[in-house]
Student: 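Dumping the structure here so I can ask a few things about it.
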Amino acid sequence: MMIDPSNMAMGGMGMGMDRDPKTGVPDRGETIQISSLALLKMLKHGRAGVPLEVMGLMLGSFVDDYVIKVDDVFAMPQSGTGVSVEAVDPVFQAEMLEMLKKTGRSENVVGWYHSHPGFGPWLSNVDVQTQISFERLHPRCVAVVVDPVQSVRGKVVIDAFRSIPQMSLITGQEPRQTTSNLGHLMRPSYVSLVHGCGTTYYNMPIDYRKNTLEEQMLINLKQKEWVEGLLMKGFDTLTEENNTQLKEMKTMTDLLNERITDETAALQSENPHKEILVPVGKVDPKKRLQGCIQTSIETNLNQILGVMLSTAAF
């Protein structure tokens, strides 16, 4: 993916680097901290572009020699495949950064991201050249690759990379000079090793940090809209659900009575502990009964309130 990063304003601290003495590949003590907002926006942008590749810029800060924070991202008007990519308009970059400054966003560009739909996170030769152009502006810029196709619920296929200067490979000079004992050292995937990871670029560990507002945002994503609580069900459907709940409650009540009887008999026996451990791992009738009662009450109360509101309004 070709990009013209010449209009970006960047800032940061010194470069931190070293090699792993066992494997010989550059050490990965530096950590990329990606916020929940930035991760969601990258995934949403990547899914919207499938089957084409998409890309954007990452906004954040270089906290110290070992931490790079990514607070937000914004998409670029670009699309392409694995072999052809449209050129990015440098005017759009300059205008976007200028608008962000007007809204009080003082973050610097800490790197770029793009998607590999279906074929995993790694850097192609064109991607490596793009990353090198970013590192000319700041040596600690990072390239993040996300796979929106392989990313499933509960797992995001993503990785962060930085190029290895070819001159350091020729002269034997260490591409990194400092390292940290914090952070998980990620092993590169087999696909990335085939495509030059450890020789032309190295991967870096990614950490996800959530503040209070981001936690509340993620919780609200799973909540239903308040209007759904006022929607009325058909009376035939409600009657059928009530009958199902009553049958379930009767079954759980009988099971609870049997459990109480067995436990009472076990406590009166000579070896009570042996018999009390029998129900472990089975269905808890008490909790199931409480859940059925709560669901039945909520459903019927919503129906009654809906009928009352409809009667008063219409």
Side-chain angles (χ1 to χ4, degrees), residues 1 3 5 8 10-20 25-46 54-76 105 107-116 120-123 127-128 130-135 137-148 150-151 155-164 175-189 192 196-198 200-211 214 218:
M1 292 185 173
I3 178 172
M8 297 187 302
M10 296 190 179
M13 302 180 62
M15 189 176 178
M17 301 183 174
D18 199 355
R19 275 183 179 263
D20 188 336
V25 299
D27 185 83
R28 300 169 292 277
E30 237 177 327
T31 302
I32 315 300
Q33 294 183 356
I34 301 179
S35 66
S36 302
L37 176 63
L39 182 61
L40 287 173
K41 291 176 73 172
M42 282 191 286
L43 283 174
K44 184 177 180 180
H45 186 204
V54 298
M55 68 88 61
L57 298 182
M58 302 188 299
L59 300 174
S61 59
F62 301 102
V63 180
D64 52 30
D65 288 343
Y66 310 113
V67 179
I68 301 175
K69 289 182 63 178
V70 179
D71 299 321
D72 199 357
V73 299
F74 67 87
M76 301 295 293
R105 302 295 298 272
E107 296 94 342
N108 296 316
V109 175
V110 296
W112 63 296
Y113 75 90
H114 70 285
S115 64
H116 277 183
W122 46 274
L123 294 183
D127 296 336
V128 172
T130 303
Q131 174 61 19
I132 292 175
S133 66
F134 272 89
E135 293 178 8
L137 298 176
H138 196 283
R140 295 185 63 193
C141 279
V142 181
V144 172
V145 184
V146 60
D147 189 337
Q150 295 185 19
S151 297
K155 179 183 179 181
V156 180
V157 180
I158 188 173
D159 209 344
F161 304 101
R162 185 183 289 153
S163 67
I164 300 176
R176 305 180 67 185
Q177 298 175 357
T178 58
T179 184
S180 169
N181 61 347
L182 302 177
H184 177 69
L185 302 183
M186 294 179 58
R187 288 186 176 182
S189 63
S192 61
C197 186
T200 57
Y201 60 90
Y202 60 92
N203 64 333
M204 306 172 67
I206 298 177
D207 188 19
Y208 307 101
R209 297 295 177 91
K210 299 184 291 294
N211 56 31
E214 289 176 339
L218 294 175

Student: Do Ile158 and Pro121 make a side-chain contact, defined as non-hydrogen atoms from C-beta onward lying under 4.5 Å apart?
Tutor: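 Result no, sub-4.5 Å side-chain heavy-atom pair not found.
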Student: Are any of the side-chain heavy atoms of Arg140 and Arg162 separated by less than 4.5 Å?
Tutor: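 In short, these two side chains touch, coming nearer than 4.5 Å.
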Student: For Lys41, enumerate each residue passing the salt bridge (charged side-chain N to carboxylate O under 4.0 Å, His left out) test, keeping only those at least two apart in sequence or located in another chain.
Tutor: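 By the salt bridge (charged side-chain N to carboxylate O under 4.0 Å, His left out) rule, Lys41 matches Asp72.
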Student: Measuring only between side-chain heavy atoms, which start at C-beta, is Ser151 closer than 4.5 Å to Leu43?
Tutor: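 They are in contact (side-chain heavy atoms under 4.5 Å apart), so the answer is yes.
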Student: Should the ring pair His114 and Trp112 be called parallel, tilted or perpendicular, given that the plane angle runs from 0 to 90° and is split at 30 and 60?
Tutor: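 Answer is parallel, since the angle falls under 30°.
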Student: So do Val110 and Val142 actually touch side chain to side chain, heavy atoms under 4.5 Å?
Tutor: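 SC-SC contact between Val142 and Val110 ruled out.
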Student: Who are the side chain to side chain contact (heavy atoms under 4.5 Å, CB included) partners of Ala38, not counting sequence neighbours?
Tutor: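 Side chain to side chain contact (heavy atoms under 4.5 Å, CB included) list for Ala38, sorted by chain: Ile34, Ser35, Val70, Val73.
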Student: Hey, could you give me the CG/OG1 distance between Leu123 and Thr200, rounded to the nearest 0.5 Å?
Tutor: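 So the gap between those two atoms works out to 7.5 Å.
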Student: About how many Å separate CE of Met42 and CG of Leu37, when rounded to the nearest 0.5 Å?
Tutor: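 If we round to the nearest 0.5 Å, Leu37:CG and Met42:CE are 9.5 Å apart.
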Student: What's the spacing between Ile68 CD1 and Ile32 CD1 if we round to 0.5 Å?
Tutor: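 Interatomic distance, Ile68 CD1 to Ile32 CD1, rounded to 0.5 Å: 4.0 Å.
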Student: Return the CH2 to CZ distance between Trp122 and Phe161, rounded to the nearest 0.5 Å.
Tutor: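 Atom-to-atom, Trp122:CH2 and Phe161:CZ are 10.0 Å apart.
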Student: Treating Ser115 as the side-chain partner and Val54 as the backbone partner, does any N or O pair qualify as donor plus acceptor under 3.5 Å?
Tutor: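 Flag set: sc Ser115 to bb Val54 pair under 3.5 Å.
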Student: Could you tell me which non-hydrogen atom of Tyr66 sits nearest to which non-hydrogen atom of Asp64, and how far apart they are?
Tutor: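 Residues Tyr66 and Asp64, closest heavy atoms: N-OD1, 2.8 Å.
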Student: Under the side-chain contact (heavy atoms from CB on, under 4.5 Å) rule, what do Phe74 and Leu57 come out as? Steps first, then yes or no, please.
Tutor: CA-CA 6 Å; Phe74 67 87; Leu57 298 182; 3.6 Å; yes
Student: Could you give the distance from NE2 (His116) to CG (Asp159), rounded to the nearest 0.5 Å?
Tutor: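 The distance works out to 11.5 Å.
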Student: What is the distance from atom CD1 of Ile132 to atom SG of Cys141, rounded to the nearest 0.5 Å?
Tutor: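 It is 12.5 Å, given to the nearest 0.5 Å.
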Student: Excluding sequence neighbours, so at least two apart, what forms side-chain hydrogen bond (donor to acceptor under 3.5 Å, both in side chains) with Glu135?
Tutor: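 Checked Glu135 against side-chain hydrogen bond (donor to acceptor under 3.5 Å, both in side chains); matches are Gln131, Ser163.
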Student: Once the angle between the rings of His45 and Tyr113 is folded into 0 to 90°, is it parallel (under 30°), tilted (30 to 60°) or perpendicular (over 60°)?
Tutor: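 Ring orientation, 0 to 90° scale: perpendicular.
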Student: Quick one, Leu59 and Asp71 - any side-chain contact, counting heavy atoms below 4.5 Å?
Tutor: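 No, their side chains stay 4.5 Å or more apart.
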